[in-house]
Amino acid sequence: MNDGARNLLVWGAEQLGVHLDPHQLGAFGRFADELKKWNRKINLTAIKGDEEIALKHFVDSLACCRMVGARGRLLDLGSGGGFPVIPLKIVRPHLDAVSVDAVEKKIIFQRHVGRLLGLHGFEALHARGEELAGRYAGHFDWIVSRAFADLPTFVRMALPCLAPDGRIVAMKGKEGRAEAETARPALTELGVAIVELQEFTLPLAGDGRSLIVLGRKTDKG
Ligand SMILES: C[S@@+](CC[C@H](N)C(=O)[O-])C[C@H]1O[C@@H](n2cnc3c(N)ncnc32)[C@H](O)[C@@H]1O
């Protein structure tokens, strides 16, 4: 990753309230280098330039930091090249993270990055989200996804694996609020409520983003 991209990453992360130390910056640099190298052979991402990777993959992934604690169990459904799970693991090293994707070559890439960066408590699993309920029933404190599926589909897949007080976090573009409104009846039927909806602009790139946080409905609503 070039100096300009590194500066963008530091600055963009700061805008989100995340301070990156030199060790973490080094990890992001190695992740970017591997992403570019592997992307020449297997299709991991359409985002190829250093600056774009820094903003549209790394800073964007870090946006959901504020919704996730420092310790606990995290699942990323449909994580592709490792987003948002690997950036989250870099800045929240004590999270126990499971990353799932249906495409094996993407999971092989993530395992490679996990080994290279020495990420402990990181498991990349080649599976479909629909298959996880048996192994991970009620297991995760946070289940996240970025650019994965429509809200009811994601929630239906995530819910069996969610701890009783767990949270589902959907990372969406600027259309997130409208999608949440449309999905509200289906979500109610699933026994889930929108706990929080945050809209923000990706630093510098200016693209609209939204974070939709969901939890099980309680008797109180
Ligand atoms: C648009 S990509 C997003 C990847 C990553 N989250 C990101 O933001 O860069 C969606 C990913 O979901 C995976 N996927 C689609 N359906 C899936 C399923 N049912 N279970 C697991 N992964 C799935 C695809 O293989 C793909 O890697």
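Residues take their numbers from the sequence shown, with the count starting at 1.
Between E104 and K106 there is no side-chain heavy-atom pair separated by less than 4.5 Å. The shortest side-chain heavy-atom distance between V91 and F28 falls under the 4.5 Å cut-off. Counting heavy atoms from C-beta on, the side chains of L204 and W11 come closer than 4.5 Å. In this structure, D101 and H126 have side chains that are not in contact, with every pair of non-hydrogen atoms separated by 4.5 Å or more. For the pair D150/T153, a side-chain contact is recorded, criterion being any heavy-atom separation below 4.5 Å from C-beta on. Contact check for S210 versus K174: no side-chain heavy atoms found under the 4.5 Å cut-off. No side-chain heavy atom of K172 sits under 4.5 Å from any side-chain heavy atom of R177. Considering only heavy atoms from C-beta on, V98 comes within 4.5 Å of F140 through its side chain.
Nearest heavy-atom pair across G176 and I212 is O-CD1, 3.6 Å. Across N2 and A5, no two heavy atoms sit closer than the pair OD1-N, 2.7 Å. Scanning all heavy atoms of the two residues, the minimum distance from L62 to P87 falls at CD2-O, 3.7 Å. Taking each heavy atom of L214 and V155 in turn, the nearest pair found is CD1-CG2, 4.1 Å. Looking at every heavy atom in both residues, C64 comes nearest to V169 through CB-CG1, 4.3 Å.
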Assess whether side chain to side chain contact (heavy atoms under 4.5 Å, CB included) is satisfied between D60 and L55, documenting all intermediate values. CA-CA 6 Å; D60 193 34; L55 272 179; over 6 Å; no

If you apply the rule side chain to side chain contact (heavy atoms under 4.5 Å, CB included), what do you find for V213 with I168, and how did you get there? CA-CA 6 Å; V213 184; I168 295 170; over 6 Å; no

From CA spacing to verdict: salt bridge (Lys or Arg N to Asp or Glu O under 4.0 Å), K36, D50: CA-CA 9 Å; K36 288 189 294 179; D50 278 5; 2.6 Å; yes

Check the pair D207, K56 against salt bridge (Lys or Arg N to Asp or Glu O under 4.0 Å), reporting the backbone distance first and the verdict last. CA-CA 9 Å; D207 306 337; K56 297 197 173 175; 3.8 Å; yes

Apply side chain to side chain contact (heavy atoms under 4.5 Å, CB included) to residues I143 and C161 and explain how you reach the verdict. CA-CA 8 Å; I143 302 181; C161 301; 3.9 Å; yes

Working for side chain to side chain contact (heavy atoms under 4.5 Å, CB included), residues L25 and D21: CA-CA 6 Å; L25 259 180; D21 66 30; over 6 Å; no

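When the side chains of ILVMFWY residues are joined at heavy-atom separations under 4.5 Å, either directly or via intervening members, L88 and L9 end up in a single hydrophobic cluster. Linking ILVMFWY side-chain heavy atoms closer than 4.5 Å, directly or via other members, places L16 and I53 in a single hydrophobic cluster. When hydrophobic clusters are built by joining Ile, Leu, Val, Met, Phe, Trp and Tyr residues whose side-chain heavy atoms come closer than 4.5 Å, directly or via intermediates, V192 is not grouped with L211. Linking Ile, Leu, Val, Met, Phe, Trp and Tyr residues whenever their side-chain heavy atoms come within less than 4.5 Å places I108 and V113 in a single cluster. Taking hydrophobic clusters as Ile, Leu, Val, Met, Phe, Trp and Tyr residues chained together by side-chain heavy-atom distances below 4.5 Å, V144 shares a cluster with F200.
Under the 3.5 Å distance criterion, with hydrogens and angles disregarded, a donor-acceptor pair is assigned to the side chains of R146 and H57. Residues R66 and Q198 have side chains that bring a donor and an acceptor to within less than 3.5 angstrom of each other.
Ionic pairing of E199 and R209 is not present here: no N-O contact between side-chain nitrogen and carboxylate oxygen is shorter than 4.0 angstrom. The pair R128-E131 does not meet the salt-bridge criterion, since no charged nitrogen lies less than 4.0 angstrom from a carboxylate oxygen. A salt bridge is absent between D165 and R216; no separation between the charged side-chain nitrogens and carboxylate oxygens falls under 4.0 Å. One finds a salt bridge joining R135 and E123 here, because a Lys/Arg side-chain nitrogen approaches an Asp/Glu carboxylate oxygen to under 4.0 Å. A salt bridge links R6 with D3; the closest basic N to acidic carboxylate O contact falls under 4.0 Å.
Taking the ring centroids of F83 and F148, they lie at or beyond the 6.0 Å cut-off.
Under a 3.5 Å cut-off, the side chain of R73 and the backbone N or O of L95 do not form any donor-acceptor pair. Checking side-chain atoms of D141 against main-chain N and O of A163 turns up no donor-acceptor pair under 3.5 Å.
Residue pairs meeting the ring-ring contact (aromatic ring centres under 6.0 Å, His included) criterion with at least one member in residues 35-56, sequence neighbours excluded: W38-F109, W38-H112.
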Which atom pairs, donor and acceptor, lie under 3.5 Å between side-chain atoms of residues 74-81 and protein residues at least two apart or in another chain?
residue: D76; atom: OD2; partner: V85; partner atom: N; Å: 3.0
residue: S79; atom: OG; partner: S99; partner atom: OG; Å: 2.6
residue: S79; atom: OG; partner: V100; partner atom: O; Å: 3.3
residue: S79; atom: OG; partner: Q110; partner atom: NE2; Å: 2.9

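In this view, H120 satisfies the ring pair (Phe, Tyr, Trp, His ring centres under 6.0 Å) rule with no residue, not counting sequence neighbours.
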